[in-house]
Amino acid sequence: MKIRLYNTLGRELQVFEPLEAGTARMYACGPTVYNYAHIGNLRTYVFEDLLRRTFSYFDYTVEHVMNVTDVGHLTDDGDEGEDKMIKSAREQGKSVWDIANHFSDAFFRDLEKLNIQMPEVVCKATDHIEDMIGLIKRLEERGYTYLAGGNLYFDVAKFEKYGELALLDRAKLQAGARVEVDVNKRNPQDFVLWFTNSKFDQQAMQWDSPWGRGYPGWHIECSAMSMRYLGEQFDIHLGGVDHIPVHHTNEIAQSEAATGKPWVRYWIHGEFLVMTGGKMSKSAGGFITLESLEEMGYHPLDYRYFCLGGHYRTQLQFTEDSLNAARAARHNLLDRVRRLRNEALQNGTSVGTAVGSAENELGDGAQAHLRAFEAAVAEDLNIPKALAELWQSLKDDSVSAQERVELASRMDCILAIGVGTAAEGADEAEASQEDVAEIEALIAERNEARTSRNFARADEIRDDLKERGVVLEDGPEGTRWKRG
RNA sequence: GGCGCCGUACCCAAGUGGUAAGGGGGAGGCCUGCAAAACCUUUAUUCACCGGUUCGAAUCCGGUCGGCGCCUCCA
């Protein structure tokens, strides 16, 4: 199956052709760990997970590298502003190292809750200072740097293709620039490779370097670490759209300047989650974390499902209504899969075993659904369409219950919204044995009440259980219950 | 001021030249002691607006209005 992806470099859909057949090497810009991730940040990691799962699904070997930026960086790109890590540490009365560990741990917990697979390599900036210094030295040797005011800068004028990714026109940028001018810079787009001249005396993170004691500029870590783990040329670089004009533009400049050859083949960017009035950000007051959604009663995978409802390259509107819709949809989906599983079991067929194995041959009807699903995914990750195909598969009566469960399992290898678990018959929240006994006792009492036409008592029990999150369903074969 | 994206039903959202996916919600039916759940039916002759190209446009072109992102740390 050919996978087509939208390459920001060139702004067009392209068939993915890896440098090495059968292997997809990708680098994703990770978090700066000075605060909790908000759900807008997490949307991007869900998108990246969908991509890596897609490659796995189509039998690629995936080498996925993600950095953790645990070095303090300034709130702007010059030598002004405040160091975010230091600010956070001061506010919370902790060391910068503690801050980094704390928020890094929180971040990976969030990823796990969202069924986001861990990259093959997760690398911390502070563990790779030597790699960065090495790369900067190469830049220096090739004449791309200059020293000014104690800091070492990258000279964008020396790099012909600067700004190609972002379609930047340097002349126009200069005319429209309204940033404070760093007097040390020869060009406004020049950026710091190594700081020695920080105005922050309390900078806790400092390292020795050929240019003096200090710390690296922000952009260099991604170039240094990606090359360290993926080589000087690799397939894909991922990130949020906000990185296109500055961060990724600078990464390309310094990487290709250092090696003298093309660096990354495909640049793929995820769009923002937006709220009424604009994007999610701390300053705007709309800072929502995954944990806060859980406190509101949502399952983390409800949020993942929500993310799958929109294409990764379009802004997605986050509202309470739309998240509620996602939660309801996911619950209905899991219910449907569970019912189909029960139906298949009653038919005496085995289900939920050995997903994707040769024993689970699918009939023509089921295969048509699977092909439609795969085609949607392979066409620039059209997950909303793929999700629609899952729904249609489950509703197609011409396909056996067993096959429908099998389809759901296979599709969930990419979607990862809990359908696979449901197909195996496991519940996300298993009730304890005592709870089960108590609930079933109450149900028995209620059914006795119903037989003796004591409907007041029967309804009372039903309401009590409902408050505990247990929903009763009276059917021809008796009363069934489930977690609401 | 410059660059880019978007505007599809009550809501979220696919679709980018061949006659509107999917989900949520709503409505009706069936069932029920009443409910709930399931199931069935239904919910945009129309894609912000105005022109144009075309046999044919939500999809292409031009304009108008509206929203958003970036140009500054940012997913």
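Order of the sequence lines sets the chain letters (A, B, ...), proteins ahead of strands, with each chain counted from 1. Atoms considered below: every heavy atom in the structure, side chains included; atoms not considered: hydrogens, waters and symmetry mates.
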So what does [X] touch, heavy atoms closer than 4.0 Å: a base, only the sugar-phosphate, or nothing?
X: A/Arg446; value: base
X: A/Thr319; value: nothing
X: A/His311; value: sugar-phosphate
X: A/His243; value: sugar-phosphate
X: A/Thr44; value: base

Distance check, [atom1] atoms only: [N] and [M], in whole angstrom units.
N: B/C61; M: B/C68; atom1: P; result: 24 Å
N: B/U8; M: B/U46; atom1: C1'; result: 9 Å
N: B/A58; M: B/A48; atom1: C1'; result: 12 Å
N: B/G52; M: B/G69; atom1: C1'; result: 30 Å
N: B/G17; M: B/U53; atom1: C1'; result: 12 Å
N: B/C12; M: B/G4; atom1: P; result: 27 Å
N: B/G23; M: B/C40; atom1: P; result: 12 Å
N: B/G22; M: B/G29; atom1: P; result: 24 Å

Value in whole Å for how far the [atom2] atom of [N] lies from [atom1] of [X]:
X: A/Asn67; N: B/A75; atom1: CG; atom2: C1'; result: 12 Å
X: A/Leu308; N: B/C12; atom1: CG; atom2: P; result: 18 Å
X: A/Phe191; N: B/C71; atom1: CZ; atom2: P; result: 16 Å
X: A/Ile383; N: B/A13; atom1: CD1; atom2: P; result: 16 Å
X: A/Met275; N: B/G69; atom1: CE; atom2: P; result: 12 Å
X: A/Phe373; N: B/A14; atom1: CZ; atom2: C1'; result: 15 Å
X: A/Ile268; N: B/A75; atom1: CD1; atom2: P; result: 19 Å
X: A/Glu271; N: B/G67; atom1: CD; atom2: P; result: 18 Å

Every protein N/O lying under 3.5 Å from an N/O of nucleotides 39-42 of chain B:
| residue | atom | partner | partner atom | Å |
| --- | --- | --- | --- | --- |
| B/C39 | OP1 | A/Arg336 | NH1 | 3.4 |
| B/C39 | OP1 | A/Arg336 | NH2 | 3.4 |

Do [X] and [Y] pair up side chain to side chain, a donor and an acceptor below 3.5 Å, judged on atom types alone?
X: A/Asp380; Y: A/Tyr312; answer: yes
X: A/His269; Y: A/Thr8; answer: yes
X: A/Glu12; Y: A/Gln14; answer: yes
X: A/Thr319; Y: A/Asp321; answer: no
X: A/His311; Y: A/Asn382; answer: no

Check your understanding: If only atom types and distance count, is the side chain of A/Asn187 paired as donor or acceptor with the main-chain N or O of A/Val156 below 3.5 Å?
Key -> no
**Study point:** Residue list, side chain to side chain donor-acceptor pair (under 3.5 Å) with A/Tyr305, at least two apart or on another chain
**Key:** A/Trp391
Practice item. Please list, chain by chain and in numerical order, all residues satisfying side chain to side chain donor-acceptor pair (under 3.5 Å) with A/Gln254, sequence neighbours excluded. Key: A/Ser223
Would the base of [N] count as contacting [X] through its side chain, where contact means a donor and an acceptor less than 3.5 Å apart?
X: A/Asp474; N: B/A35; value: yes
X: A/Arg462; N: B/A35; value: yes
X: A/Asn454; N: B/G33; value: no

Taking the basic N atoms (NZ, or NE/NH1/NH2) and the acidic carboxylate oxygens, is any pair closer than 4.0 Å for [X] and [Y]?
X: A/Arg480; Y: A/Asp474; result: no
X: A/Glu120; Y: A/Arg52; result: yes
X: A/Arg410; Y: A/Glu406; result: yes

Exercise for review: Name the residue closer to the 5' end of RNA chain B, choosing between A/Gly40 and A/Leu316 according to the nucleotide with the nearest heavy atom.
Suggested key: A/Leu316
Revision key, fill the gap. Result for 5'-nearest mapping on RNA chain B, choosing between A/Arg450 and A/Arg480, is A/Arg450
Show every donor-acceptor pair shorter than 3.5 Å between a side-chain atom in residues 100-116 of chain A and any protein atom, with sequence neighbours excluded, or say none if there are none.
| residue | atom | partner | partner atom | Å |
| --- | --- | --- | --- | --- |
| A/Asn101 | ND2 | A/Trp97 | O | 3.4 |
| A/His102 | NE2 | A/Tyr36 | OH | 2.9 |
| A/Lys113 | NZ | A/Glu294 | OE1 | 2.8 |

Check your understanding: For A/Thr314 and B/G69, is the shortest distance between a side-chain N/O and OP1 or OP2 below 4.0 Å?
Key -> no
Practice item. Go ahead and write out RNA chain B as dot-bracket, 5' to 3': ( ) for pairs within the strand, [ ] for ones crossing earlier pairs, | when the partner sits on another strand, dots for unpaired; Watson-Crick or G-U wobble, both distances under 3.5 Å. Key: ((((((((.[[[..)..(...]]](((((.........)))))....[[[[[..)....]]]]])))))))....
Point to revise | Whether A/His243 and A/His248 hold their rings parallel, tilted or perpendicular, with breakpoints at 30° and 60° | key: tilted
Check your understanding: When the aromatic ring centroids of A/His219 and A/Phe191 are compared, is their separation below 6.0 Å?
Key -> yes
Practice item. Encode nucleotides 18-29 of chain B as B, S and - characters from 5' to 3', where the letter depends on protein heavy atoms closer than 4.0 Å: B to the base, S only to sugar-phosphate, - to neither. Key: ---BSSS-----
